[in-house]
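From a predicted model like this one, the values you see are computed outputs, not experimental measurements. Numbering of residues begins at 1 and proceeds along the displayed sequence.
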Amino acid sequence: MTRSFFVTGTNTEVGKTYATAALLRAAADRGLTTAALKPVASGCEATPDGLRNSDALTLMEAMTQDLEYQQVNPVALEPAIAPHIAAMEAGKRPDVSRLVGVCRGVMSGKADLLLIEGAGGWRVPLTPGRFLSDLPKEMELPVILVVGMELGCINHALLTAEAIRRDGLALAGWIANFVRGPEADMPRADANLMTLKALLPAPCLGVLPHDESGDYRKGALHLDLDPLLSSSS
């Protein structure tokens, strides 16, 4: 049975891909087969093979299954701007139902763990009246929240958790990620971390220290998968 989770963040640039890749590596280190998707990605680069997104390529490197790029990232948008604006400028209209179908197709495979990474934060528009959060809602997926540890993150994390639960989904766990450099260390980081652990209604899966190398294999060493693997998919 494939255990599937949707990975979101408290904002953009909080290290969702790093955390997702670290989770994939931690699962592989336990002997699990893994797959990952980035259904919608803006900020793609033009290549001879078409538009390619660095986050999607990182997930492809980190997972154990061999998927085609178009499966991993079915909606690739070139400008590094809000997806709904990038899609409108490109004359595209991302269809949530189609994305759900792509995700379910991968879910029907043989992976033990499937992680579907969002774009930006929880309530990211795709088209008028439709949001990327509609995808995990339609699939009834439990959610993993990546919290970028910086000033304001407690408010962002609690509001995101409230929105997830209001949408009828379970918050399966959260990851604290010190994504900024040492010069941007969060004042009273330990106290803020303790506050988040006390207030967020889900287990902390790990605390990722800042890593200039961006090596998700190091991040995997700081994660605990037990709360995910003991939950239902």
Side-chain angles (χ1 to χ4, degrees), residues 5-30 34 36-38 41-45 52-63 72-73 80-82 113 115-122 124 143-161 164 171-228:
F5 300 88
F6 187 84
V7 182
T8 192
T10 46
N11 203 344
T12 190
E13 300 298 329
V14 296
K16 289 187 305 298
T17 300
Y18 178 79
T20 303
L23 285 167
L24 293 168
R25 179 60 186 229
D29 287 344
R30 293 178 63 148
T34 61
L37 302 176
K38 178 85 172 179
S42 55
C44 298
E45 180 181 350
R52 294 292 183 265
N53 177 262
S54 60
D55 291 346
L57 294 174
T58 295
L59 297 182
M60 293 178 71
E61 177 186 89
M63 65 187 181
V72 176
N73 176 212
I81 58 177
L113 177 69
L115 299 180
I116 302 172
E117 184 191 333
W122 180 248
V124 172
V143 180
I144 298 169
L145 175 62
V146 180
V147 179
M149 295 299 292
E150 57 189 352
L151 287 175
C153 71
I154 294 175
N155 176 62
H156 294 159
L158 295 179
L159 288 176
T160 303
I164 291 167
L171 183 62
W174 63 280
I175 296 171
N177 188 18
F178 285 89
V179 69
R180 309 302 176 197
E183 69 282 356
D185 278 349
M186 185 180 193
R188 307 297 189 273
D190 290 342
N192 282 280
L193 187 59
M194 289 179 62
T195 300
L196 284 167
K197 288 182 176 180
L199 294 178
L200 281 174
C204 179
L205 305 176
V207 178
L208 299 177
H210 178 73
D211 180 11
E212 287 287 351
S213 73
D215 187 349
Y216 58 82
R217 294 169 294 185
K218 296 179 182 177
L221 302 176
H222 298 275
L223 297 176
D224 177 15
L225 296 185
D226 287 341
L228 299 183

[X] [atom1] to [Y] [atom2] distance, which is reported to the nearest 0.5 Å:
X	Y	atom1	atom2	result
T10	L159	OG1	CG	11.0 Å
L115	M63	CG	CE	10.5 Å
I116	T8	CD1	OG1	12.5 Å
I175	T20	CD1	OG1	7.0 Å

Is a donor on one side and an acceptor on the other found under 3.5 Å between the side chain of [X] and the backbone of [Y]?
X	Y	answer
H210	V179	yes
S42	I81	yes
N192	P187	yes
K16	A119	no
W174	A202	yes

For [X] versus [Y], what's the shortest heavy-atom pair and its separation?
X	Y	answer
K38	N73	O-ND2, 3.0 Å
A36	L59	CB-CB, 4.0 Å
T34	A27	CG2-CB, 3.7 Å
A19	V146	CB-CG2, 3.7 Å

In terms of side-chain heavy atoms, does E45 have a donor or acceptor partner in S54 at a distance below 3.5 Å?
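Distance-only check fails for E45 and S54.
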
Are any of the side-chain heavy atoms of L57 and R52 separated by less than 4.5 Å?
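In contact.
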
